[in-house]
Chemist: 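Below is one structure. I have some questions about it.
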There are 2 protein chains.
Amino acid sequence: MATSERKKREYAQRETLIIDTARDLLLKIGYIDLNMERIAELTEYSKGTIYQHFSCKEEILVEMLIQSAQKCGTFLIRGSQFKGTPRERVAAMILGYDLFVRLNPDHFKSKLLLQNESIRGKASPVFQKNLEKAEQENIGLVYGVLREAVESGHVQLQRGVTIEEITFGLWTGTFGAYVLMFSEVNLKALGISDPRKAVWANIHALLDGFGWHPFFQELNWEQTRNRILNEIFSQESHLAGIV
Amino acid sequence: MATSERKKREYAQRETLIIDTARDLLLKIGYIDLNMERIAELTEYSKGTIYQHFSCKEEILVEMLIQSAQKCGTFLIRGSQFKGTPRERVAAMILGYDLFVRLNPDHFKSKLLLQNESIRGKASPVFQKNLEKAEQENIGLVYGVLREAVESGHVQLQRGVTIEEITFGLWTGTFGAYVLMFSEVNLKALGISDPRKAVWANIHALLDGFGWHPFFQELNWEQTRNRILNEIFSQESHLAGIV
DNA sequence: CATCATAAATGACGTTTAGTCAAATTTTGA
DNA sequence: TCAAAATTTGACTAAACGTCATTTATGATG
């Protein structure tokens, strides 16, 4: 069945086209004004065809986020492979995440929207499950490095704290910061001129606070940061313009 | 002008009625299905009258959030007045915030939505400015206690870290956690059975990491926590069922 | 090449909600 | 009591949603 293979390919291509179009449109006109009619126009397909792929705009957003979460995963994996201590590898993952977010501004736009159950709930359950799975896999990558850190004795878990909870701290500290950065909260007016610098300081204070060796003071982090960017994310850091 | 005073009062009362109705409806049916027609029905006014107060449902949400942000401020203030070290006072503010969020579940629902610029942007600029102001005032309350902590020598700011950045860390660590808790991310599946416990551990690790005395180990926090709840939030902690 | 069955794409249509505004109603104060 | 002012109403237009009968394209077969 050579033809049916081609059909499948064409279907997948069209899906990509729809998502890419929706992504552009989302960044350009925002969620409220985003509509299926316009997506149909721009893709040069009819509304009916668009609805054959996605049941509503929210479902397109979910699929968009699934794809970007998977892409995000590749950045996390690359970060985790940095040659260094577990703490440096976690730092590399966080830097990778930052680069990913910089290069994929649509990620947080759709993420923020779908954080709302009413909006996410419009997508069909299959899509929602897939999204949950994609995001859990990414968290799993962080767990992996933390587990190694505990096993190698770089961190001693104290007072019943679990690696899941430490990950939660890293997660909320970075994710929360991006939510704020991406929502036009006036951080400048609040004295936060460089939120990324603040995140970096906070993440390291957190890890220091959990007694994770080597402590912030014990390492030249400026150097480590440059090594991470050069060795792992050379191309991306140039693309993002952080040299 | 006794009459015009009464009119004003009546107008304000109706505004309250509209907001309360919208709040109930939001919690019941969610953002997507929330609509002006239904709000009009439930308040027993006509659509036109509702539109005299608010230009769209998003504007109602903004006003809802302004009000809850102000109420939140009273919890923060009370927390900051706890008789203890600055660090204990910060902890009291965070506990106060937690109680506030528990008792006002609509707060985060609307907050999350309005984090999206496209949604928030539907409200008129005056409403948006007021919201920004209300939220900045709350952050200002945290700054106040941190400033005292620095002045009293409980924290030494190191390596160019500012109190704004530390506040940002507290903010993202708690706010980020509530965003996740309120968005049906399956935290249980990720091994986070008690996100509030995790937040507490992370906040203290963060403050320890910044060298904020007294360190977590040096205090009986279980006792402090109970004192805060008893002395400052007795009524609220019972209402929230955390005894 | 012609035919026909199947698959895919279309856009008109019914429905819902938004937001407006002229008309109806109520209130005010002389 | 009554006219002017203020308020309320809901009918109406417009926009987007989501459906589905109809049209168009495809490709297998003789």
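Just so you know, these numbers use all the heavy atoms, side chains as well, and skip hydrogens, waters and symmetry mates. On a predicted model such as this, the values are computed, not experimentally measured, just so you know. Numbered from 1 within each chain, the chains take letters A, B, ... in sequence-line order.
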Chemist: Mind checking side chain to side chain contact (heavy atoms under 4.5 Å, CB included) for A:Ala92 and listing every partner two or more places apart, or none if nothing turns up?
Modeler: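 By the side chain to side chain contact (heavy atoms under 4.5 Å, CB included) rule, A:Ala92 matches A:Phe82, A:Ile228.
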Chemist: Please report the interatomic distance CG(B:Leu17) to CD(B:Glu44), rounded to the nearest 0.5 Å.
Modeler: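 B:Leu17 CG to B:Glu44 CD: 9.0 Å, rounded to 0.5 Å.
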Chemist: Using the side chain to side chain contact (heavy atoms under 4.5 Å, CB included) criterion, which residues pair with B:Ser55? Sequence neighbours excluded.
Modeler: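 Expected list: B:Glu59.
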Chemist: Could you list the residues that satisfy salt bridge (charged side-chain N to carboxylate O under 4.0 Å, His left out) with A:Glu236, not counting sequence neighbours?
Modeler: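 Testing A:Glu236 for salt bridge (charged side-chain N to carboxylate O under 4.0 Å, His left out), a comparison that skips the adjacent residues, returns A:Arg78.
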Chemist: Does anything in residues 4-32 of chain B pair up under ring-ring contact (aromatic ring centres under 6.0 Å, His included), and if so which pairs, sequence neighbours excluded?
Modeler: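 Only B:Tyr11-B:His53 qualify under ring-ring contact (aromatic ring centres under 6.0 Å, His included).
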Chemist: For DNA chain C, what residues of residues 41-60 of chain B have any heavy atom nearer than 4.0 Å?
Modeler: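 Close to the strand are B:Lys47, B:Tyr51, B:Ser55, B:Cys56.
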Chemist: Could you work out, with salt bridge (charged side-chain N to carboxylate O under 4.0 Å, His left out) as the rule, every residue matching B:Arg147, not counting sequence neighbours?
Modeler: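 Residues passing salt bridge (charged side-chain N to carboxylate O under 4.0 Å, His left out) with B:Arg147: none at all.
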Chemist: Rounded to the nearest angstrom, tell me the gap between atom CD1 in B:Ile39 and atom C1' in C:dG19.
Modeler: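 Result: 14 Å.
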Chemist: Run the salt bridge (charged side-chain N to carboxylate O under 4.0 Å, His left out) test against A:Asp20 and tell me which residues pass, sequence neighbours left out.
Modeler: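 Partners of A:Asp20 under the salt bridge (charged side-chain N to carboxylate O under 4.0 Å, His left out) test: A:Arg23.
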Chemist: What residue pairs, at least two apart or across chains, pass ring-ring contact (aromatic ring centres under 6.0 Å, His included) with a residue in residues 99-118 of chain B?
Modeler: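 Qualifying pairs: B:Phe75-B:Phe100, B:Phe100-B:His107, B:Phe108-B:Phe175, B:Phe108-B:Tyr178, B:Phe108-B:Phe182.
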Chemist: Is B:Lys8 close enough to D:dA6 that one of its side-chain N or O atoms is under 4.0 Å from OP1 or OP2 there?
Modeler: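 No, no such contact exists.
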Chemist: How many Å lie between CD on A:Glu15 and C1' on C:dA8, as a whole number?
Modeler: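 From A:Glu15 CD to C:dA8 C1': 15 Å.
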Chemist: For A:Ala12, which residues count as a side chain to side chain contact (heavy atoms under 4.5 Å, CB included) partner, sequence neighbours excluded?
Modeler: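 A:Ala12 satisfies side chain to side chain contact (heavy atoms under 4.5 Å, CB included) with no other residue.
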Chemist: Between the protein and nucleotides 23-25 of chain D, which nitrogen or oxygen pairs come in under 3.5 angstrom?
Modeler:
none

Chemist: Which residues, if any, of residues 19-38 of chain A bring a heavy atom under 4.0 Å of DNA chain C?
Modeler: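 Here the set is empty: none.
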Chemist: Output all residues satisfying salt bridge (charged side-chain N to carboxylate O under 4.0 Å, His left out) with A:Lys109, sequence neighbours left out; order by chain, then residue number.
Modeler: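 Result, salt bridge (charged side-chain N to carboxylate O under 4.0 Å, His left out) vs A:Lys109: B:Glu117.
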